Amino acid sequence: MSEHERFEQLIAFLGSQLPGPVDQQEAGDGSMVFTGGAPAEVVVNLADASVIVSEYAGVWESPDRFVVRPRRVGMLKWRRLPETSMMNALSALIKGAREMRLSRYRPCTVCGTKHPPEALFGDDVCYSCEEPPHTVVH
């Protein structure tokens, strides 16, 4: 199998292994970035020789600006590994990144619904509960 075919196979494999929906974008350096989950859980950067799996994470730089800063879980040199070993290792990294992400979810102190950390404000209150109630005037 050619390297181009293996690369295409990796793209398909990532699409099937990441939690849905999967967003796929091309990065400025020519690599491909896959983000899986809604809300996002796992970020995978696929380059010519390596694949990096990260837990989705970020920080609020201001009240209206969230910056994604994934936490790296692992990197594989996909060209060096046999196909089966590479797929198994990649699956394990994706599973680990997803488990790490989900373990950080916390319940809203008002409604009790679990949310990712960036979706909770102040005293662990979600956006829906933090909004002032809508009043209807007749």
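Remember, predicted model here, so these are calculated numbers, not experimental data. Both backbone and side-chain heavy atoms feed into the values below; hydrogens, waters and symmetry mates do not.
Remark: Glu55 engages Arg71, Arg104 in a salt bridge (Lys or Arg N to Asp or Glu O under 4.0 Å) (not counting sequence neighbours). Residues satisfying the side-chain hydrogen bond (donor to acceptor under 3.5 Å, both in side chains) criterion with Ser103, sequence neighbours excluded, are absent altogether. Residues passing the side-chain hydrogen bond (donor to acceptor under 3.5 Å, both in side chains) test with Glu26, sequence neighbours excluded: none. Here Arg80 pairs with nothing under the salt bridge (Lys or Arg N to Asp or Glu O under 4.0 Å) rule; sequence neighbours left out.
Applying the salt bridge (charged side-chain N to carboxylate O under 4.0 Å, His left out) rule to pairs touching residues 58-70 yields Glu61-Arg65, Glu61-Arg69, sequence neighbours excluded. Within the structure, ring-ring contact (aromatic ring centres under 6.0 Å, His included) contacts touching residues 53-97 (residues at least two apart or in different chains) are Phe7-Trp78, Trp60-Phe66. The salt bridge (charged side-chain N to carboxylate O under 4.0 Å, His left out) contacts involving residues 84-94 comprise nothing, where partners must be two or more places apart or lie in separate chains.
Note: Cys108 SG to Glu130 CD = 9.0 Å, rounded to the nearest 0.5 Å.
Proximity of Leu14 to Met32: side-chain heavy atoms (C-beta onward) are nowhere separated by under 4.5 Å. Counting heavy atoms from C-beta on, the side chains of Gln24 and Val33 never come closer than 4.5 Å.
Using a 4.0 Å cut-off between charged side-chain N and carboxylate O, Arg6 and Glu83 make no salt bridge.
Between Gly15 and Val22 the shortest heavy-atom distance is O-CG2, 3.9 Å. Heavy-atom minimum distance, Asp23 versus Gln25: OD2-NE2, 3.1 Å.
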Under 3.5 Å, which donor-acceptor pairs link side chains of residues 85-97 to any protein atom two or more places apart or in another chain?
from  : atom 1 : to    : atom 2 : distance (Å)
Asn88 : ND2    : Thr84 : O      : 3.4
Ser91 : OG     : Gln17 : OE1    : 3.4
Ser91 : OG     : Met87 : O      : 3.1

Which donor-acceptor pairs under 3.5 Å do side chains of residues 118-129 form with protein atoms, sequence neighbours excluded?
from   : atom 1 : to     : atom 2 : distance (Å)
Glu118 : OE1    : Arg101 : NH1    : 3.2
Glu118 : OE2    : Arg101 : NH2    : 2.6
Asp124 : OD1    : Arg106 : NE     : 3.4
Asp124 : OD1    : Arg106 : NH2    : 2.8
Asp124 : OD2    : Arg106 : NE     : 3.3
Tyr127 : OH     : Glu131 : OE2    : 2.9

Distance-only donor-acceptor pairs under 3.5 Å for side chains of residues 38-51, two or more places apart:
from  : atom 1 : to    : atom 2 : distance (Å)
Glu41 : OE1    : Arg98 : NE     : 2.4
Asn45 : OD1    : Ser31 : OG     : 3.3
Asn45 : ND2    : Ser31 : OG     : 3.4

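Taking a 4.5 Å side-chain heavy-atom cut-off between Ile, Leu, Val, Met, Phe, Trp and Tyr, the cluster of Ile52 extends to Met75. Taking Ile, Leu, Val, Met, Phe, Trp and Tyr as members and joining any whose side-chain heavy atoms lie under 4.5 Å apart, directly or through other members, the hydrophobic cluster of Tyr105 also contains Leu102.
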